[in-house]
2 protein chains.
Amino acid sequence: MRALNVSERRTAPPRVGVSTVIFALQPPAGQPVGDAPHDGATLWLPLVRRTRAPFTGRWALPGGPLAWDTSLEESARSTLHEATGLSPRYLEQLYTFGGRDRSATDLRVVTVAYWALIALADRTPMESVENVAWYSVDALPPLAFDHADIVALARRRLRAKATYTGVAVRFLGEEFTLGELRRVHDAVLGRTSDPANFRRRMLASGRVEPTGAVRRDGAHRPARCYRFVAEPDAELLTPAPTPAETTERKRRTS
Amino acid sequence: MRALNVSERRTAPPRVGVSTVIFALQPPAGQPVGDAPHDGATLWLPLVRRTRAPFTGRWALPGGPLAWDTSLEESARSTLHEATGLSPRYLEQLYTFGGRDRSATDLRVVTVAYWALIALADRTPMESVENVAWYSVDALPPLAFDHADIVALARRRLRAKATYTGVAVRFLGEEFTLGELRRVHDAVLGRTSDPANFRRRMLASGRVEPTGAVRRDGAHRPARCYRFVAEPDAELLTPAPTPAETTERKRRTS
DNA sequence: TCAAAAGTGTTCTACGTACACCCATGG
DNA sequence: CCATGGGTGTACGTAGAACACTTTTGA
C-alpha cells in the first residue's frame, strides 16, 4: 500500500489503536518520576514518552496500532508486557474512544482502551525499559491526546468494581493476609474501613479461603494467610457488572 | 484509493464498524416476524436483512462502517434512526468486538457495539422500512457474524443496569404510572415484584416525581402519574456502573 | 509491660421483603 | 356489590456499621 497524501489521510477510514491503563500498588525498581505523594496510599501506572508527532515528548499510555493478525486483548497484553515486562493479574476492556478530533492529526484513530492490574509482589527487579516511567495517578504529568480522560475513566471503573467484586486482590500475590487486602482495598477506594467488619464481609463473600500459613511481620499477633478463590460465574466477556447477585437470586416474589 | 487484492485485504489494517442493539417494549406497526411469545413480557428489537456476502439473507444488527467524519455515537444514532425512524431514549456504548475471524471474510472488521432503548409510547405508525423486521429477543432467528453474542451481552447489561439504575423508565413516555413502570421493570428483569414495595423503593430513590395528573384505565382506582427525574450526576461517559452510591457516600470510618 | 495489629462478639440501623388491609373505579 | 389494581401500614429478616473487647506478638 502506498502512502496517502494529506486530503486522502483526512478522509481515510479510521485506524484502530489499543491503549492500556496499567495499575500497580508501587512502582517497580524502574525510574519513577513526578512528586509522589508517598503516603503509601496511591496507585501507580507506567507511561511511555512519545518520540513522534503529534505530542512529541509528552507522556502517553502504552499502546499502539492494532495489527491485522492480533486480537484486541492480545494487543493490550503485548503492549503491557513491553512496558512492564509483566503479565497482568487482571485485564478488561474499558471503553472505545472514537471522537473525530482526538488524534490531533489528519489520520483519525479509534482507540480501544483496556485497563489492567498487575502484582508487584514478586519484587520484580525490572530492568528499566526505554522511555517508560512510572507515575503516581495523583501526580500525573500532562498526557498526550485524551489519555487523561482514559485514565480518569479507568480509575472510576476500578473503584466501582472494587466495591462489589474482589478485583482488589489482583494487586496482591498468591497468598495474602486480610490486613494486606484491606489496606489495598482502602487505597483503591480512598476510604478507611473497619478491620473487623472488613474481615467478616470478605469471609462471608466466599471469595477468599484460608491457606494453612500464617505471616508474622511486626510487633503483633501473626495473621492467617488466605488465597483468592475464583468467582463462581466466570464471565469472560463482561465489561458490565453483575451486581446484587444474592439479592437477585433469591427473589421471585408472589 | 484503489481496491485491494486478496492478500492485501487480509493484511490490511482492520476497519471500524458500529452496530446497535435496539430494545423496545413492543414492535411498532411494522412487520414483526418469528413466533412471538406474546405474554406481553418480552422485549423486541429490529434486525436488518443482509443483502451482501458474507451471510447474505441472514438477519443482522443495524449498523455499518464508521465514516471518517462521524463520531461513534453519531454513527450509532444514525443507524438507529435509519432502522426505526426514531431517536433513542437511551444510548450507551456496550463493548468492542475485535476477534480476528469474526467477519468471516478477508477484510477484518472491529465492531463497536452500542445498545439503546426506545419508547413507543407515541404510537409511532412507522412506515415499514426496507429489509427491517422486528423480533422478540426470546425468538431470534439465526444472526450473522457474532451478533447473537452481542445481543446476549446487551441483554445482560440491560438487566444489570435495570437493577441499580432507573434505565427502565426510558421505555416509557414522559408520563407514566408506577404500575406501568413496575411492569416494564419486571419484564426486563424477568421477575414479579410486589407493587407496594416497588412503589416505595422508587419514590425513595428520588428518580421519580409526581406530575399532578392521574390516569384512569380500568375497573379500579386511578393511578397518579410520575415523570422521570434526571440522575444527580450525569455521567455521560460511563459504561461502568456506579453502584452502592448511598453506601459509598456516607462512609468514612474511624 | 506496652503498643499495635489480629481476631471475636454484640448492638444498632437501614433496607428490602412479605403480607394484611383500605381506596376508588368500571362493570 | 364485586373484582381489580392503586395505595398505606407494619412486622420480620438480613447485611453492614460501630465499637467494646480479647489475643498474640516484638521490642
So, A:Asp194 and A:Arg200, do they make that salt bridge, N to O below 4.0 Å?
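Between A:Arg200 and A:Asp194 there is no salt bridge, as every charged N stays at least 4.0 Å from the carboxylate O atoms.
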
Please set out all donor-acceptor pairs under 3.5 angstrom arising from side-chain atoms of residues 223-230 of chain B, sequence neighbours excluded.
from: B:Arg227; atom 1: NH1; to: B:Glu209; atom 2: OE2; distance (Å): 2.8

Measure the distance from [atom1] on [X] to [atom2] on [N] and round it to the nearest whole Å.
X	N	atom1	atom2	result
B:Asn197	D:dG5	CG	C1'	16 Å
B:Leu203	D:dG9	CG	P	13 Å
A:Leu181	C:dG7	CG	P	13 Å
A:Arg183	C:dA5	CZ	P	8 Å
A:Asp194	C:dG7	CG	C1'	11 Å
A:Met202	D:dA17	CE	P	12 Å

Residue list, side-chain contact (heavy atoms from CB on, under 4.5 Å) with A:Val48, at least two apart or on another chain:
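A:Pro62, A:Val132.
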
Tell me, please, which residues at least two apart from B:Ala219 pass side-chain contact (heavy atoms from CB on, under 4.5 Å).
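Checked B:Ala219 against side-chain contact (heavy atoms from CB on, under 4.5 Å); zero matches.
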
Out of C:dT17, C:dT25, D:dT8, which nucleotide sits closest to the side chain of B:Arg216?
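Of the candidates, C:dT25 comes closest.
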
Tell me which nucleotide among C:dA18, D:dG6, D:dG16 gets nearest to the side chain of B:Arg199.
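The closest nucleotide is D:dG6.
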
Could you identify which residues of residues 217-227 of chain A place a heavy atom less than 4.0 Å from some atom of DNA chain C, listed by residue number, or say none?
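Per residue number, the list reads A:Ala219, A:His220, A:Arg221, A:Pro222, A:Ala223, A:Arg224.
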
Does the side chain of B:Arg201 get closer than 4.0 angstrom to OP1 or OP2 of C:dT17 through an N or O atom?
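Checking B:Arg201 against C:dT17: at least one side-chain N or O falls below 4.0 Å of OP1 or OP2.
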
Measuring to OP1 and OP2 of C:dG9, would you say a side-chain N or O of A:Arg200 lies under 4.0 angstrom away?
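No.
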
Which is true for B:Ala204 with a 4.0 Å heavy-atom rule: it touches a base, it touches only sugar-phosphate, or it touches nothing?
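Result for B:Ala204 = nothing.
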
Sequence-distant partners of A:Arg199, salt bridge (charged side-chain N to carboxylate O under 4.0 Å, His left out), two or more places apart
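A:Arg199: no salt bridge (charged side-chain N to carboxylate O under 4.0 Å, His left out) contacts found.
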
Distance-only donor-acceptor test (3.5 Å): side chain B:Arg215, base D:dG6:
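By the distance-only test, no, there is no pair.
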
Sequence neighbours left out, cut at 3.5 Å: what donor-acceptor pairs do the side chains of residues 175-188 of chain A make with other protein atoms?
from: A:Glu175; atom 1: OE2; to: A:Thr211; atom 2: OG1; distance (Å): 3.0
from: A:Thr177; atom 1: OG1; to: A:Gly179; atom 2: N; distance (Å): 3.4
from: A:Thr177; atom 1: OG1; to: A:Glu180; atom 2: N; distance (Å): 3.1
from: A:Glu180; atom 1: OE1; to: A:Thr177; atom 2: N; distance (Å): 3.0
from: A:Glu180; atom 1: OE1; to: A:Arg215; atom 2: NH1; distance (Å): 3.1
from: A:Glu180; atom 1: OE2; to: A:Arg215; atom 2: NH1; distance (Å): 2.6
from: A:His185; atom 1: NE2; to: A:Ala162; atom 2: O; distance (Å): 3.1
from: A:Asp186; atom 1: OD1; to: A:Ser193; atom 2: OG; distance (Å): 2.6
from: A:Asp186; atom 1: OD2; to: A:Ser193; atom 2: N; distance (Å): 3.0
from: A:Asp186; atom 1: OD2; to: A:Ser193; atom 2: OG; distance (Å): 3.3

Taking the side chain as everything from C-beta on, heavy atoms only, tell me whether B:Leu203 gets closer than 4.5 Å to B:Val208.
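Counting from C-beta outward, B:Leu203 and B:Val208 do come under 4.5 Å.
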
